[in-house]
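One structure below.
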2 protein chains.
Amino acid sequence: MDRRRRDTSSFLPLRPVEFHVLLSLAAGERHGYGIIQDAEARGDTSPLDVGTLYRALRRMREQGLIAEAAAPSSESSTDERRNYYRLTALGLEVGRAEARRLESLTRAARAGGLLKGVA
Amino acid sequence: MDRRRRDTSSFLPLRPVEFHVLLSLAAGERHGYGIIQDAEARGDTSPLDVGTLYRALRRMREQGLIAEAAAPSSESSTDERRNYYRLTALGLEVGRAEARRLESLTRAARAGGLLKGVA
DNA sequence: GTGCATATATGCGTAACGCATGTATCGGGC
DNA sequence: GCCCGATACATGCGTTACGCATATATGCAC
């Protein structure tokens, strides 16, 4: 256990692309293009540039947030081009920390009157 | 009405600093250093570099998200160095849009199991 | 086997960052 | 009056990541 030798909070704040990747992978293993389709399906703001995504995937792999995974058996296709990824323990931890940060910001926005609802 | 001739969503996603500025100014007029102190008070992750902040303030003023304001009368000090800012209508609109984006992301994180609570 | 969707990768110019440093004023202590 | 730390804002510098375009190759359907 050494790959994860950095403080979780040192990764925060995550860039939008990075959080999307963690969120997408939290639902199960995905390959890059699949992550893009996830984003489109959710109707995310700013449709996620492919160059940005693939570079982010490499970076996150090097940082140990995600790791390569074998093609899931549920997958009928045996497309050799695909690179599958999964969350690492560190990636999950960082994703959770970022989610908490976003939640806290959302609360602050509500308290500050930027969001409808109870102050 | 021309200064605000850009689509609100074209500003999103905001950078962390920018959202913090809008959030801080939503509570009332502030000067740069005061915004920094706001961040420290809230215990924000990554303590907000001053260079980043002052550059962001200039950028946001040029984009019409914020505007210069006179020193509030509630202020006892007449410190000439201070630059006060206030939200513009556009800034408020963009801040709200970003807040909605963050809320939506938070919901997605909860649904994806990254946050405690109901799925 | 032709052709469009899928899939990943990278070159290029630019924008913003983090860190350090510079400069100046304010306000309290003595 | 003078000193000094806190306050306040600005900018130079090297680096990182971005957005856009382009490159390349395979999968699959017909």
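Note on naming: letters A, B, ... go to the chains in the order of the sequence lines (proteins, then strands), and numbering restarts at 1 for each one.
- Take the nearest nucleotide of DNA chain D for B:Arg81 and for B:Tyr85: the residue whose nucleotide is more 5' is B:Arg81.
- Each of B:Arg15 and A:Asp49 lies near DNA chain C, and the nucleotide nearest A:Asp49 is the one positioned closer to the 5' end.
- No hydrogens or angles considered: nothing links the side chains of B:Glu103 and A:Thr106 as a donor-acceptor pair under 3.5 Å.
- Distance B:Leu48 CG to D:dA8 P: 15 Å, rounded to the nearest Å.
- Atom CD of A:Glu80 and atom P of D:dG27 are 7 Å apart (whole Å).
- Rounded to whole angstrom, the span from the CG atom of B:Asp79 across to the C1' atom of D:dA8 amounts to 7 Å.
- Set against D:dT7, C:dT8, D:dC18, the side chain of B:Tyr33 has D:dT7 as its closest nucleotide.
- Rounded to an integer number of Å, the gap from A:Leu14 CG to D:dA17 P is 12 Å.
- Using a 4.0 Å heavy-atom distance criterion, A:Gly51 is classed as a base contact.
- Listed nucleotides D:dA10, C:dT6, D:dC18 differ in distance to A:Gln37; the shortest reach to its side chain belongs to C:dT6.
- Contact annotation for A:Arg55: base contact, defined as any heavy-atom pair under 4.0 Å involving a base atom.
- Residues satisfying the ring pair (Phe, Tyr, Trp, His ring centres under 6.0 Å) criterion with B:Tyr84, sequence neighbours excluded, are B:His31.
- Rounded to a whole Å, the CE atom of A:Met60 is 15 Å from the P atom of C:dT8.
- One finds no side-chain N or O of A:Arg82 lying less than 4.0 angstrom from the OP1 or OP2 phosphate oxygen of D:dG27.
- Distance, B:Phe11 CZ to D:dG19 C1': 17 Å, rounded to whole Å.
- Judged by distance alone, the side chain of B:Arg100 and the main-chain N or O of A:Leu115 form no donor-acceptor pair under 3.5 Å.
- Across the protein-nucleic acid pair, B:Leu53 atom CG and C:dA16 atom C1' stand 14 Å apart, rounded to whole Å.
- Atom P of nucleotide D:dT7 and atom CD1 of B:Ile36 are separated by 11 Å, given to the nearest angstrom.
- For C:dA9, the OP1/OP2 oxygens have no side-chain nitrogen or oxygen of A:Tyr54 closer than 4.0 Å.
- A:Asp38 contributes atom CG, which lies 13.0 Å from atom OH of A:Tyr33 (distance to the nearest 0.5 angstrom).
- A salt bridge between B:Arg86 and B:Glu68 is absent, with no side-chain N of the basic residue lying under 4.0 Å from a carboxylate O of the acidic one.
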